[in-house]
Amino acid sequence: MSYRCVAGLEDQLRREFAGYPAEGVLVAEPCPAEMKGDITVNCFRIGRFCGNPMAAATRAAEFLKEHPDVEAVEVIKAFVNVTLKPGALHRDSVAEVETLLASAKLPENRRKRILVEYSAPNTNKPQHLGHVRNNTLGMSLSSLLKRVGHDVIEINLVNDRGIHICKSMIAYQRNGNGETPESTGIKGDHLVGKFYVEFNKMLSAELDALRAAKPDLAGKKDDELFLETELGRATQQMLQDWEAGKPEVRELWTMMNGWVFDGFAKTYERMGIRFEHTYLESNTYLLGKDIIADGLAKGVFRKREDGATLCDLGKLGEKVVLRSDGTSVYITQDIGTTLKKYQDYQPESMIWVVGDEQNLHFQMLFAIMKKLGYAWADDLFHLSYGMVNLPSGKMKSREGTVVDADDLFDEMARLAAEACRERDTELTETELAERGEIIGLGALKFMLLKFNPKTTMLFDPAASLKFEGDTGPYVQYVAARIHSIRRKAAERGATSGNADWTLLGHPAEKVLAVTAAEYPGVLQLAAERRDASGVVEYLLKLAKAFNGFYRECPVLAAEKSELVTARLALSEAVGRIIADGLQTLTIRVPEAM
RNA sequence: GGCCCGGUAGCUCAGAGGAUAGAGCAGCUGCCUUCUAAGCAGUUGGUCGUGGGUUCGAUUCCCGCCCGGGCUGCCA
């Protein structure tokens with residue numbers, strides 16, 4: 001979607017200047033509010049193709065002045081500010097909104113099959129705000145990539161085995177008294193998490209006692225003393241029993257993991273997440289060893305004197321890929337799992353949504369995959385995101401300072417439902433609950449997506465529970481307002497058919513249309529950067545432009561019926577874009593607020 | 001020590017070489033018999049960490065330094 005007069009200008013410049021690129025370089029930008037004009041053509045960008053920026057601007061202004069779509073042109077430095085005739089402006093922006101929306105799709109030859117892995121929880125405790133950020137980033141990125149035409153496969157890789165799982169199991173064995181989610185009414189993941197916390201308490205107590213009894217150990221760290229404790233040894237033994245397939249351990253593990261999976265399913269459902277496939281680490285943790293043997297034969301890896309197998313990664317350093325006893329390390333199974341994912345789905349690109357503390361790990365993983373010679377290893381991407389901190393500092397599971405995902409959802413939904421109740425006393429409890437869910441969860445996701453993924457963000461619960469200002473509900477509110485206008489228009493028999501767009505020459509109408517026209521470009525740029533935060537910023541801008549229009553230009557009370565029709569058409573077009581944008585971010589759109 | 005990320009208004013954050021650096025919150029002023037006030041209009045608030053360099057032009061790119069965070073295991 002582009003403005004005809006700008007495309008025409010580029011064609012002209014191409015004829016006049018031999019060096020002018022075949023692919024368009026001029027993008028019409030919205031003209032700043034304080035300047036006269038609808039769109040701006042920035043000729044600094046094309047200066048080098050046309051002599052210099054000023055010459056380009058002069059030539060552009062000459063051409064645009066004569067163009068039938070153009071009402072006025074003003075040149076300031078190398079900026080050419082163009083005032084368009086309303087009919088032309090709307091024709092090139094919102095008049096055919098379905099065409100505009102469709103133009104966000106990439107051409108077939110640029111679409112890819114992309115595997116996105118995210119969430120990757122452990123099954124020893126419920127999910128917290130950090131997971132919510134991960135889940136939100138992963139699902140929105142997947143949705144965004146699909147929106148521009150890619151074939152996206154969303155997968156999860158659950159860490160369902162290991163020493164941390166055994167910790168919850170040991171505590172349950174000792175203190176569980178046969179409790180179940182059914183008998184206690186506690187959501188399965190929370191019940192298991194309770195025993196994980198209990199384990200850590202018991203361990204702390206034993207460590208304290210140990211240090212008191214043996215002063216020579218007092219200076220050692222908790223990790224170093226783990227196997228000095230009875231609890232630690234029991235946990236270690238349980239892990240070995242699990243690996244050996246000891247029936248009673250496997251049985252307990254299956255039961256407790258089942259509880260956790262039931263709990264996670266509810267959390268995912270509430271967020272609107274559906275994975276195409278969930279890999280279990282208990283099935284994949286042995287993968288990779290055979291590849292190491294191959295790599296060793298090919299000379300990609302080498303043996304160190306002490307027997308460990310390692311990979312020399314130049315600037316990144318050396319990475320051990322097999323211990324001297326021949327067992328796997330973390331990266332070994334990641335190598336194997338990466339290959340397995342490729343074999344299962346043949347993606348052209350793979351994305352991992354994982355916290356930034358694993359930046360080095362992924363650099364090494366990708367470097368190793370390349371050294372192993374896989375052609376597809378050039379398109380592996382770590383979507384690295386920063387931690388979520390609280391005003392009180394970092395979240396720490398052991399210190400009980402985490403913000404629990406389910407509790408947070410409940411609180412957001414409850415407050416949103418309260419606000420709905422104040423506005424409309426007629427609503428039933430069911431309706432309130434539904435709206436609270438849409439608005440509360442929408443506000444949370446929107447807030448998490450507003451930040452650039454890599455920034456370490458601060459989550460202020462008090463501020464986040466407000467629904468005013470640059471928030472999801474602000475955008476949802478515009479959707480609700482538009483819906484309300486449409487409903488009332490329908491009641492009065494007004495329609496948006498055969499709109500005469502030439503009537504929409506009010507500055508607020510033109511700004512709204514110009515802003516709307518930016519949407520496809522915003523989606524494509526966001527997808528290219530693999531960062532949905534641009535879409536969030538854009539929706540706020542569009543919603544703001546609509547609110548300006550809403551104030552300045554009454555729709556249903558316009559002076560004449562033709563103007564009602566045209567403004568209704570503009571409102572509906574904007575409503576379509578807002579809904580499309582929110583859905584792309586996996587945020588639901590309320591009909592009323 | 002080395003590598004990576006960050007430092008922009010009181011606070012939280014946008015700004016991928018371009019116009020006089022933006023938004024929200026907080027503060028202050030107004031606006032609900034008018035399509036939904038979760039809204040709108042206005043206003044206060046800045047040596048863009050710092051010192052150099054490249055450029056017609058630098059918050060943006062390069063180098064040094066300061067401050068904060070992460071990583072730097074035969075942990076995951």
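Keep in mind it's a predicted model, so treat the numbers as computed, not measured. Here is how names work: the chains are called A, B, and so on, in the same order as the sequence lines, proteins then strands, and each is numbered from 1.
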ask   = Are A/R588 and A/E434 close enough for a salt bridge, meaning some N to O gap below 4.0 Å?
value = yes
ask   = Have A/N452 and A/Y385 got a donor and an acceptor in their side chains that come within less than 3.5 Å?
value = no
ask   = Do the rings of A/F366 and A/W352 sit parallel, tilted or perpendicular, given the 30° and 60° boundaries?
value = tilted
remark   = Symbol by symbol from the 5' end, with Watson-Crick or G-U pairs under 3.5 Å, [ ] crossing and | another strand, RNA chain B is (((((((..((((....[...)))).(((((.......))))).....(((((..]....))))))))))))....
task = For the pair A/D470 and A/K544, find out whether any cationic side-chain nitrogen is under 4.0 Å from an anionic carboxylate oxygen.
result = yes
task = Check every strand shown and say whether A/N81 touches a base, only sugar-phosphate, or nothing at a heavy-atom separation below 4.0 Å.
result = base
task = Look at all strands and tell whether A/I439 reaches a base, only sugar-phosphate, or nothing, counting heavy atoms closer than 4.0 Å.
result = base
request  = Check RNA chain B against residues 538-554 of chain A and give the residues with a non-hydrogen atom under 4.0 Å, in numerical order.
outcome  = A/K544, A/N547, A/Y550, A/R551, A/C553, A/P554
request  = For A/S484, report the nucleic acid contact type (base, sugar-phosphate, nothing); a contact means any heavy atom under 4.0 Å.
outcome  = base
inquiry  = Any base atoms under 4.0 Å from A/N52, or only sugar-phosphate, or nothing? Heavy atoms, all strands.
reply    = nothing
inquiry  = Using the P atom as the point on both nucleotides, what is the distance between B/U60 and B/G52, in whole Å?
reply    = 14 Å
key: B/A9 and B/A23, which share atom name C1', separated by this distance in whole Å   = 11 Å
message = Over all strands shown, is A/A480 touching base, sugar-phosphate only, or nothing at heavy-atom distances under 4.0 angstrom?
response = base
task = Determine if the base of B/C32 is syn or anti; take syn to mean the glycosidic torsion is within 90° of 0.
result = syn
task = Write down the distance separating the P atoms in B/A19 and B/A58, rounded off to the nearest Å.
result = 11 Å
key: Presence of salt bridge, A/R161 and A/E281, under 4.0 angstrom   = yes
query = Base, sugar-phosphate, or nothing: which does A/V555 touch, judged by heavy atoms less than 4.0 Å apart?
reply = base
ask   = Looking across every strand, which nucleic acid part, if any, lies under 4.0 Å from A/M457 by heavy atom: base, sugar-phosphate, or nothing?
value = sugar-phosphate
message = Reading RNA chain B in the 5' to 3' direction, which nucleotide is the first one with an atom under 4.0 Å from a heavy atom of chain A, and which is the last?
response = B/C5 to B/A76
task = Mind checking A/T40 for me? I need base, sugar-phosphate or nothing, with any heavy atom below 4.0 Å counting as a touch.
result = base
task = Indicate, with a heavy-atom threshold strictly under 4.0 Å, whether A/F79 touches base, sugar-phosphate, or nothing.
result = base
message = Whether A/R481 engages the ring of A/Y550 as a cation-pi pair (distance to the six-membered ring centre under 6.0 angstrom, angle to the ring normal within 45°) should be assessed.
response = yes
ask   = Between A/M593 and A/E528, who's closer to the 5' end of RNA chain B by nearest nucleotide?
value = A/E528
request  = Quick one: label A/Y474 by what it contacts on the DNA or RNA (base, sugar-phosphate, nothing), any heavy atom closer than 4.0 Å.
outcome  = sugar-phosphate
Below 3.5 Å, can you tabulate the donor-acceptor pairs from side chains in residues 455-467 of chain A to any protein atom, sequence neighbours excluded?
from   : atom 1 : to     : atom 2 : distance (Å)
A/D460 : OD1    : A/A462 : N      : 3.2
A/S464 : OG     : A/D460 : O      : 2.8

inquiry  = Is it true that A/S282 and A/D160 share a donor-acceptor pair across their side chains at a distance under 3.5 Å?
reply    = yes
message = Would you measure the distance from the C1' atom in B/C56 across to the matching atom in B/G17 and give it in whole Å?
response = 12 Å
task = Determine the Euclidean distance between corresponding P atoms of B/C66 and B/G15; express it in Å to zero decimal places.
result = 28 Å
ask   = Contact class for A/K315 (heavy atom, under 4.0 Å): base, sugar-phosphate, or nothing?
value = nothing
request  = Using heavy atoms to find the nearest nucleotide of RNA chain B for A/A592 and A/E318 separately, return the residue whose nucleotide is more 5′.
outcome  = A/A592
inquiry  = For the residue pair A/Y477 / A/E468, report whether a side-chain donor-acceptor contact shorter than 3.5 Å exists.
reply    = no
P-based separation of B/G39 from B/C71 [nearest Å] = 39 Å
query = Taking only residues two or more places apart in sequence or in another chain, which ones pass side-chain contact (heavy atoms from CB on, under 4.5 Å) with A/K541?
reply = A/P30, A/T515, A/E518
Can you list, pair by pair, the side-chain donor-acceptor contacts under 3.5 Å of residues 563-571 of chain A, counting residues two or more places apart and other chains?
from   : atom 1 : to     : atom 2 : distance (Å)
A/T565 : OG1    : A/S561 : O      : 3.0
A/R567 : NE     : A/E509 : OE2    : 2.6
A/R567 : NH1    : A/P554 : O      : 2.8
A/R567 : NH2    : A/E509 : OE2    : 3.3
A/S571 : OG     : A/R567 : O      : 2.9

task = Please step through side chain to side chain contact (heavy atoms under 4.5 Å, CB included) for the pair A/N156 and A/Y118, ending with a clear verdict.
result = CA-CA 6 Å; A/N156 193 359; A/Y118 63 95; over 6 Å; no
key: Under-4.0 Å salt bridge between A/D223 and A/K221   = no
inquiry  = Taking only the C1' atom of each, what is the distance from B/C25 to B/G51 in whole angstrom?
reply    = 34 Å
query = How far, in whole Å, is B/G69 from B/U12 if one measures between their P atoms?
reply = 15 Å
task = Would you classify A/N452 as touching base, sugar-phosphate or nothing, given that sugar-phosphate means primed atoms plus P, OP1 and OP2, and contacts are heavy atoms under 4.0 Å?
result = sugar-phosphate
